[in-house]
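We use all heavy atoms of the structure for the numbers below, so side chains are in, but hydrogens, waters and symmetry mates are not.
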Amino acid sequence: MTQLYNKVALIGLGLIAGSMALAVRRAGLAGEIVGHARSAETRKTALDIGLVDAVFDTAAEAAQGADLVVLCVPVGVMGAIAQEIAPHLAQNATVSDVGSVKKAIIEAVQPHMPDHVHFIPAHPLAGTEHSGPRAGFADLFKNRWCLFTPLPDTDRAYVERLQKLWSLMGANVEEMDAEHHDLVLAVTSHTPHLIAYTMVGVADDLQRVANKEVIDFSAAGFRDFTRIAASDPTMWRDVFLNNKEATLEILGRFTEELFDLQRAIRRGDGEQLFDHFTRTRAIRRSIIDAGQDTNAPNFGRDPKAGD
């Protein structure tokens with residue numbers, strides 16, 4: 001067991017924070033784990049199920065005396081939380097986050113960080129459609145990537161310490177600049193989520209297909225769309241509002257590809273369709289070969305979480 005931090009404070013107690021708490025506790029990476037959530041019910045649940053050693057009514061109270069504070073809240077409120085906790089942060093504390101957007105978070109959080117604090121943005125590429133403290137499980141980050149976008153003048157010792165924490169929780173670690181991160185995530189996560197939300201909305205709006213038929217006759221593709229579209233609406237609203245440029249760029253490219261396929265179907269161009277599907281099938285195989293998904297049932301997610 002390698003204790004890296006004396007006190008870890010998790011601000012927000014949903015899926016990611018809950019999984020972090022369980023992974024940190026299992027590996028003995030912290031002496032104490034505390035938390036804060038806006039909802040009194042969430043705070044009580046997190047304490048009752050043993051996610052944290054203590055919960056606090058405010059983020060400032062939770063952050064006080066912690067040598068690692070992790071912001072696990074929607075992107076849109078990170079700046080306000082950073083402003084609240086700033087006067088209470090310990091000397092040489094590390095403040096990090098788990099947000100899916102990095103440039104906007106840096107712009108919102110960094111101005112509030114005192115000189116004696118090390119702000120290290122991070123983003124674990126892991127999750128399920130489930131939310132809340134009961135959704136967490138210790139293996140969520142196993143063989144998943146955690147992307148770091150450290151600021152140029154950050155003390156490398158503190159960056160490496162936090163990277164070690166994520167590695168010992170099972171994650172693979174990579175660094176990139178914030179703008180590049182946001183473009184990559186627009187391709188791999190943000191635009192696919194937007195498409196899934198749209199497709200499920202189309203099915204809901206299509207009056208010629210009864211809702212019961214959509215539910216009863218759901219094929220694998222639509223089921224996967226509904227799983228993605230079941231993700232937390234507050235979190236995804238904030239993601240799109242704060243990664244607007246990159247998402248719109250990738251969405252524009254997607255629209256061009258979609259028009260090409262639409263024309264191919266109208267023309268009966270089977271060769272173009274076959275070539276396109278062959279190319280995209282190879283990408284799926286590459287993802288499996290890289291260990292980022294599996295052909296196993298439930299896509300390798302936690303068996304308790306459901307499909």
* Asked: Do F148 and L183 belong together in a cluster built from hydrophobic side chains that touch within less than 4.5 Å?
  -> no
* At what distance, to the nearest 0.5 angstrom, does CG of L89 lie from NE2 of H112? -> 12.0 Å
* To do: Verify side chain to side chain contact (heavy atoms under 4.5 Å, CB included) between V34 and L10, making sure each step is shown before the conclusion.
  => CA-CA 6 Å; V34 303; L10 302 171; over 6 Å; no
* Under the salt bridge (Lys or Arg N to Asp or Glu O under 4.0 Å) criterion, do R26 and D139 qualify, and how do the steps go? -> CA-CA 10 Å; R26 183 175 66 180; D139 285 332; 2.8 Å; yes
* Distance-minimising heavy-atom pair for P121 and S96 -> C-OG, 4.2 Å
* Between V98 and L241, is there a shared hydrophobic cluster once you connect ILVMFWY residues whose side-chain heavy atoms come closer than 4.5 Å? -> no
* Asked: Would R253 and E249 count as a salt bridge (Lys or Arg N to Asp or Glu O under 4.0 Å) if you check the C-alpha gap in whole Å, the side-chain angles of each, and the deciding distance to 0.1 Å?
  -> CA-CA 7 Å; R253 295 190 182 200; E249 178 183 343; 3.4 Å; yes
* Single-linkage hydrophobic cluster F56~I33, side-chain heavy atoms < 4.5 angstrom -> no
* Testing L68, T154, V173 for side-chain contact (heavy atoms from CB on, under 4.5 Å) with L162, which one passes? -> L68
* Which is it for M235 and V75 under the side chain to side chain contact (heavy atoms under 4.5 Å, CB included) test, yes or no, and what are the steps along the way? -> CA-CA 7 Å; M235 179 185 78; V75 174; over 6 Å; no
* Is there a donor-acceptor contact under 3.5 Å from the side chain of T191 to the main chain of A186? -> yes
* To do: Decide side chain to side chain contact (heavy atoms under 4.5 Å, CB included) for H123 and S100; before the verdict, give the C-alpha distance in whole Å, the side-chain angles of both, and the deciding distance to 0.1 Å.
  => CA-CA 6 Å; H123 175 209; S100 182; 3.7 Å; yes
* Asked: Is the backbone of L51 close enough, under 3.5 Å, to the side chain of R25 for a donor and an acceptor to pair up by distance?
  -> yes
* So, does R43 use its side chain to make a donor-acceptor pair with the main chain of V55 at under 3.5 Å? -> no
* To do: Please name the pair of heavy atoms, one in A66 and one in A90, separated by the smallest distance, quoted to 0.1 Å.
  => O-CB, 3.9 Å
* Asked: For the atom pair CG (L258) and CD1 (I195), what is the distance rounded to the nearest 0.5 Å?
  -> 8.5 Å
* Could you tell me whether a side-chain N or O of D182 sits under 3.5 Å from a main-chain N or O of K103, the two making a donor and an acceptor? => yes
* Asked: Are any of the side-chain heavy atoms of V24 and M169 separated by less than 4.5 Å?
  -> yes
* **Check: H276 main-chain N/O paired with T280 side-chain donor or acceptor under 3.5 Å** => yes
* How about V70 and D97: do any of their side-chain heavy atoms sit closer than 4.5 Å? -> no
* Please assess D177 against H180 for the test side chain to side chain contact (heavy atoms under 4.5 Å, CB included), listing each intermediate value before the final yes or no. => CA-CA 6 Å; D177 68 68; H180 186 66; 3.5 Å; yes
* Structure fact -> Residues T2 and L29: closest non-hydrogen pair is O-CD2, 3.1 Å
* To do: State whether a side-chain donor-acceptor pair under 3.5 Å links Q272 with R263.
  => no
* Which atom of A46 lies closest to which atom of L13, heavy atoms considered -> CB-CD1, 3.7 Å
* Report yes or no: does K7 contribute a side-chain atom to a donor-acceptor pair with the main-chain N or O of Q64 at less than 3.5 Å? => yes
* To do: Identify the heavy atoms of K102 and A178 that sit nearest to each other, and give their distance.
  => CB-CB, 3.9 Å
* To do: Answer with yes or no whether the side chains of H190 and N243 bring together a donor and an acceptor at under 3.5 Å.
  => yes
* May I ask you to test the V69-T94 pair for a side-chain heavy-atom distance under 4.5 Å? => no
* **Path from F277 to I265 over hydrophobic side-chain contacts below 4.5 Å** => yes
* Asked: So which heavy atom on A126 is nearest to which on I16, and how close?
  -> O-CD1, 3.5 Å
* Asked: Sub-3.5 Å donor-acceptor pair from the side chain of S19 to the main-chain atoms of A138, do we have one?
  -> no
* Exam field: side chain T247 to backbone K244, donor-acceptor pair closer than 3.5 Å -> no
* Asked: Rounded to the nearest 0.5 Å, what separation is found between the CD1 atom of I250 and the CG atom of L194?
  -> 12.5 Å
* Quick one: are R134 and T45 in side-chain contact, heavy atoms under 4.5 Å? -> yes
* Does R279 make a cation-pi contact with F274 (under 6.0 Å, within 45 degrees of the axis)? -> no
* Could you tell me whether the side chain of L147 reaches within less than 4.5 Å of the side chain of L125, counting heavy atoms only? => yes
* Looking only at atom types and distance, does a side-chain atom of D269 sit under 3.5 Å from a main-chain N or O of A264, one as donor and one as acceptor? -> no
* Go through the structure and list residues passing salt bridge (Lys or Arg N to Asp or Glu O under 4.0 Å) with R237, not counting sequence neighbours. => none
* Asked: Just by distance, do the side chain of R161 and the backbone of L4 share a donor-acceptor pair under 3.5 Å?
  -> yes
* To do: Could you check if a side-chain atom of E175 sits within less than 4.5 angstrom of a side-chain atom of Q163, using non-hydrogen atoms only?
  => yes
* **Co-membership, hydrophobic cluster, residues W166 and V8, 4.5 Å side-chain** => yes
* Asked: Atom CG in L273, atom CZ in R267: separation rounded to 0.5 Å?
  -> 9.0 Å
* **Validation row: L185, H181 side chains within 4.5 angstrom (heavy atoms)** => yes
* For D67 and N92, test the side chains for any donor-to-acceptor distance below 3.5 angstrom and give the result as yes or no. => no
* To do: To the nearest 0.5 Å, tell me how far M113 CE sits from L151 CG.
  => 11.0 Å
* Asked: Can you find a heavy atom in the side chain of I106 that is under 4.5 Å from one in the side chain of F119?
  -> yes
* To the nearest 0.5 angstrom, please state how far the SG atom of C72 sits from the CE atom of M20. => 6.0 Å
* Asked: Around atom CD of Q91, are there more than 12 heavy atoms of other residues, nucleotides or ligands at under 6.0 Å?
  -> yes
